[in-house]
Amino acid sequence: MDKINISLPDGSIRSYDAGVTGLDIARSISEGLARNVLAAKVDEMVWDATRPILRDASVTLLTWNDSEGKATLWHSSAHLMAEAIEQLYPGAKFGIGPDIETGFYYDIDLGERVISDEDFPLIEQRMKELASQKQAYLRREVSKADALDFFGKKGDEYKLELIQDLEDGQISFYESGSFTDLCRGPHLPDTSFIKAVKILSVAGAYWRGDEKRKQLTRLYGVTFPKQKELDDYLLMLEEAKKRDHRKLGKELEIFTFSQRVGSGLPLWLPKGADLRERLETFLKKEQRKAGYQQVITPHIGNVNLYKTSGHYEKYGADSFRPITTPQEGEEFFLKPMNCPHHCEIFSHKPHSYRDLPIRYAEFGTVYRYEQSGELHGLTRVRGFTQDDAHIFCTPEQVKDEFKGVMDIVMKIFKALDFNDYIVQISTRDPKNQSKYIGSEANWEKAERAIMEVAEERGLEAIVVPGEAAFYGPKMDFMVRDALGRKWQLGTIQVDYNLPERFELEYVGADNEKHRPVMIHRAPFGSMERFVAVLIEHCAGKFPLWLVPEQAIILPISDKYNDYAEKVLSLLQNSDIRASIDNRNEKTGKKIRDAELKRVPFMLIVGEKEASEGSVSVRKQGEGDLGTETVGAFAERINQEIRTMLGE
RNA sequence: GCCAUUGUAGCUCAGAGGUAGAGCACUUCCUUGGUAAGGAAGAGGUCAUGAGUUCAAGUCUCAUCAAUGGCUCCA
């Protein structure tokens with residue numbers, strides 16, 4: 001038998017008989033490894049651990065610790081679920097069933113039958129039974145004709161359609177137990193690796209994502225090689241639910257919605273408005289330092305403004321219907337963005353190159369029609385406020401301006417304890433240069449500037465070619481919240497389009513007219529989304545400088561209410577936001593309520609404190625910190641805030 | 001917008017054809033209590049909205065509105 005050389009990740013090269021499988025290799029290393037091998041990466045392709053390797057290759061054995069290992073287990077689980085469904089609901093037809101970031105789904109046509117979460121345990125039970133039968137996943141290559149024949153007889157039009165799009169000679173089937181599927185693979189050696197099973201949810205999904213086509217039933221599930229991991233995962237989901245900004249926003253009285261006002265139109269409650277105002281003040285201060293000028297523009301704009309900007313053509317049909325004047329029939333749109341207004345401010349007078357860069361900032365409230373099914377808490381709404389600004393500059397200034405914006409973004413992230421963020425730079429599609437507006441030289445300059453700035457700032461940016469808007473490259477900031485979920489927040493975008501459309505100009509040193517470059521930027525993105533993410537990030541425990549109520553004074557009994565009042569006024573003189581809980585309740589009760597309201601400091605006052613002018617400090621989530629004077633406490637928390645804000 | 005599920009007190013939820021229930025929150029009283037729930041009483045609801053079936057509708061039917069989970073979309 002021929003020998004082949006297999007190089008392993010540790011650098012070693014071992015010799016095996018041709019036709020050796022990943023599993024064989026694992027066994028030759030250790031039985032323990034063999035028990036955990038889910039798939040094998042053979043020269044960068046993920047293969048079945050049971051697929052014979054015929055020539056020299058570098059091989060990485062994939063386990064649950066590798067993302068490809070997880071993907072393999074989940075993909076195989078999708079087949080397992082399909083097998084269970086086929087047995088439980090004969091006649092089911094199958095669309096696609098891939099693995100996803102966490103778990104897998106399968107799109108199924110169940111005819112008239114409806115699956116609800118009451119059916120989940122039944123499906124889970126059947127999946128576990130089938131898994132324990134240790135069914136092997138058997139790969140076989142089939143001709144297109146045979147593949148069509150197989151699913152034709154089965155009457156599965158979805159698979160037939162998929163096969164039509166495939167090339168003969170590239171088609172493989174996987175068979176496990178009673179279920180055979182069209183599939184590229186790879187798969188687990190057998191089903192016994194799947195130990196813990198959970199069907200998570202059911203939803204409708206259009207066949208091939210096309211809303212004109214039939215809606216299939218999509219079943220989501222997740223599986224694990226150990227029950228413990230499933231338990232941990234479910235616990236994490238519970239935790240995520242507890243942090244949901246919709247729940248916490250209600251509990252902490254940050255915002256609410258009203259059917260009367262309309263869906264997707266958030267109402268900021270006093271505490272939320274208070275918090276938001278503090279965020280805005282913080283940013284305004286930074287912007288003033290960075291040379292921004294505040295501007296204010298109206299909430300509506302003449303239809304011609306959006307015809308000029310090009311938004312009318314592109315989004316007019318998907319916007320709120322225009323507002324018309326009663327006499328003249330003039331049409332106005334609720335403004336969906338601030339940039340056209342800011343362009344008009346720029347052109348209210350001629351500019352010299354000496355004026356640039358000009359930076360117009362506005363907390364501009366915009367209105368966009370979002371489909372009703374898309375609305376979601378504060379993260380997807382129909383009316384929201386962008387912390388918007390537009391920088392008009394020369395192409396040479398783009399780099400410095402980018403730098404300045406990034407500094408602001410970093411400052412915000414630091415002040416809010418977002419330590420885990422991802423920076424994405426979107427550049428042109430190298431294969432299709434024609435769809436972009438703006439000169440080759442300027443694009444080149446801007447893209448390089450963005451990359452250089454990221455590098456100079458020591459940011460690890462992901463560069464995604466082809467993701468740029470047609471009008472310019474951009475940089476987006478995604479933060480991970482405490483549960484590892486990704487959210488897109490701030491954005492910086494270079495724009496060559498609007499200056500063109502609005503015919504913006506400045507006079508250069510050469511006394512000729514030039515076109516400025518425009519940079520759109522919003523470090524928070526929108527106040528609504530940002531606050532939503534902030535709530536989930538900090539689980540409702542806002543940073544001290546932001547929290548609506550920093551301290552609550554808890555008198556032991558009403559004998560000390562007068563002293564509590566004195567403490568309150570001292571704190572207020574030191575700019576600390578505080579209140580008194582003088583309800584006729586026991587201290588334990590007041591503490592519990594304050595803990596649940598997530599007030600950072602509880603100041604307990606009684607006989608001892610009143611006599612010595614002190615407070616007994618309890619920190620939310622941590623407990624008793626001991627006694628200190630009112631002045632010392634106030635100074636301490638103010639110092640803490642200054643540190644946070646980098647002052 | 002599409003599919004599914006849901007809508008009962010400020011909040012969390014029970015009630016499934018026979019005049020509306022609980023806990024928490026709220027008000028009053030008793031209690032004056034030292035680091036996560038003291039006791040009692042009271043008040044609070046067109047059962048999302050509108051139509052229908054029925055002697056009788058939170059409860060069954062339909063429509064509308066809204067929310068939730070997905071799909072499609074996102075300047």
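These values consider heavy atoms only, across backbone and side chains, with no hydrogens, waters or symmetry-generated copies. Below, chains carry the letters A, B, ... as their sequence lines are ordered, and counting in each starts from 1.
If you run side chain to side chain contact (heavy atoms under 4.5 Å, CB included) between A:Lys93 and each of A:Leu216, A:Asp109, A:Ile108, only A:Asp109 comes through.
Ring pair A:Tyr292/A:Tyr360: centre-to-centre distance not below 6.0 Å.
Of the side-chain N and O atoms in A:His376, one or more sit less than 4.0 angstrom from OP1 or OP2 of B:G69. One finds a side-chain N or O of A:Arg246 lying less than 4.0 angstrom from the OP1 or OP2 phosphate oxygen of B:U68. For the pair A:Lys241 and B:U12, the criterion of a side-chain N or O lying under 4.0 Å from OP1 or OP2 is not met. In this structure, A:Arg260 does not reach the B:C65 phosphate: none of its side-chain N or O atoms is under 4.0 Å from OP1 or OP2. OP1 or OP2 of B:A66 lies within a sub-4.0 Å distance of a side-chain N or O belonging to A:Ser263.
Counting any heavy atom pair closer than 4.0 Å across all strands shown, A:Arg583 reaches sugar-phosphate atoms only and no base atom. Contact annotation for A:Tyr220: backbone-only contact, meaning every heavy-atom pair under 4.0 Å involves sugar-phosphate atoms and none involves a base. Across all strands, A:Leu375 comes closer than 4.0 Å only to sugar-phosphate atoms, never to a base (heavy-atom distances). Note on A:Gly606: a base of the nucleic acid sits closer than 4.0 angstrom, heavy atoms only. Residue contacts shown for A:Arg218 are limited to sugar-phosphate atoms, with no base heavy atom under 4.0 Å away. Nucleic acid contact for A:Ser372: base, since at least one base atom lies under 4.0 Å from a heavy atom of the residue.
The side chain of A:Arg618 sits closest to B:A36 out of B:A36, B:C71, B:G34. For A:Gln215, whose side chain is taken as the heavy atoms from C-beta onward, the closest listed nucleotide among B:C65, B:G70, B:G33 is B:G70. Considering only side-chain atoms of A:Ser557, the nucleotide from B:C74, B:A36, B:G33 that sits closest is B:G33. Closest to the side chain of A:Lys250, from the set B:U12, B:C65, B:G33, is B:U12. Taking the side chain of A:Ser319 as heavy atoms from C-beta on, and the options B:G33, B:U32, B:A75, the nearest nucleotide is B:A75. Closest to the side chain of A:Glu595, out of B:A36, B:G70, B:G34, is B:A36. Picking from B:G34, B:C71, B:C11 the nucleotide with the shortest atom distance to the side chain of A:Tyr206 gives B:C71. Taking every side-chain heavy atom of A:Ser201 into account, B:G69 is the closest of B:G34, B:G69, B:A37.
For the pair A:Glu362 and A:Lys335, the salt-bridge criterion is met [side-chain N within less than 4.0 Å of a carboxylate O]. A salt bridge links A:Asp593 with A:Arg583: the closest approach of a Lys/Arg side-chain nitrogen to an acidic carboxylate oxygen falls below 4.0 angstrom. In summary, A:Glu467 and A:Lys474 do not engage in a salt bridge, as defined by a charged side-chain N under 4.0 Å from a carboxylate O. Salt-bridge check for A:Arg428 with A:Glu447: passed, with a basic side-chain N closer than 4.0 Å to an acidic carboxylate O.
Rounded to an integer number of Å, the gap from NZ of A:Lys597 to P of B:A37 is 17 Å. In this entry the distance linking CG of A:Asn584 with P of B:U32 reads 10 Å, nearest Å. A:Asp119 has its CG atom 15 Å from the P atom of B:A4, to the nearest Å. If you measure from atom CD of A:Gln371 to atom P of B:C2, you get 10 Å, rounded to the nearest angstrom. Taking atom NZ on A:Lys589 and atom C1' on B:G34, their separation rounds to 17 Å, with Å as the unit. Per the geometry, CD belonging to A:Glu585 stands 10 Å off P belonging to B:U27, to the nearest Å. Regarding A:Glu370, its CD atom lies at a distance of 13 Å from the P atom of B:C73, rounded to whole Å. The nearest whole Å value for the distance from the CD atom in A:Glu253 to the P atom in B:A25 is 14 Å.
Nucleotide B:C62 forms a pair with B:G50, judged by Watson-Crick or G-U wobble geometry with both contacts under 3.5 Å. When Watson-Crick and G-U wobble pairs are counted only if both distances are under 3.5 Å, B:U5 pairs with B:A67. The partner of B:A20 cannot be assigned: no Watson-Crick or G-U wobble pair with both contacts below 3.5 Å exists in any strand. The partner of B:U35 is absent, by the rule that a Watson-Crick or G-U pair needs both atom distances under 3.5 Å. With a 3.5 Å ceiling on both atom-pair distances, B:C73 lacks any Watson-Crick or G-U wobble partner. Checking B:A14 for Watson-Crick or G-U wobble geometry (two distances, each under 3.5 Å) identifies no partner in any strand. Pairing for B:G42 goes to B:C26, judged as Watson-Crick or G-U wobble with the two contacts each under 3.5 Å. When Watson-Crick and G-U wobble pairs are counted only if both distances are under 3.5 Å, B:A56 pairs with no nucleotide at all.
For the pair A:Arg218 and A:Tyr105, the distance from NZ or CZ to the six-membered ring centre is under 6.0 Å and the angle to the ring normal is within 45 degrees.
Taking atom C1' in both B:G15 and B:A4, the straight-line distance is 25 Å, to the nearest Å. B:A43 and B:U27 have their P atoms separated by 16 Å, with the value rounded to a whole Å. Look at the C1' atom in both B:U28 and B:C62: the space between them is 47 Å, to the nearest Å. Nucleotides B:A20 and B:U59 place their C1' atoms 12 Å apart, quoted to the nearest Å. Distance noted for atom C1' between B:C47 and B:A14: 13 Å (whole Å). Rounded to whole Å, the separation between the C1' atoms of B:G17 and B:A56 comes to 8 Å. As rounded to the nearest Å, B:U32 and B:G38 have P atoms that lie 15 Å from one another. The C1' atoms of B:C26 and B:G69 are separated by 34 Å, rounded to the nearest whole Å.
Residues A:Lys271 and A:Leu252 approach most closely at CD-O, 3.7 Å, considering heavy atoms.
In B:G58 the O4'-C1'-N dihedral to the base is within 90° of 0, which defines a syn nucleotide.
Taking the nucleotide of RNA chain B with the nearest heavy atom to each of A:Gln493 and A:Ala203, the more 5' of the two is matched to A:Ala203. For A:Lys314 and A:Asp593, each mapped to the nucleotide of RNA chain B holding its nearest heavy atom, the one lying further toward the 5' end belongs to A:Asp593.
For A:Arg380 against B:C73, a side-chain N or O and a base N or O form a donor-acceptor pair under 3.5 Å.
Between A:Phe633 and A:Phe601, the ring planes are perpendicular. Angles over 60° get that label, and only those under 30° would be called parallel.
When atom types are taken as modelled, the side chain of A:Gln386 and the backbone of A:Ser526 share no donor-acceptor pair closer than 3.5 angstrom.
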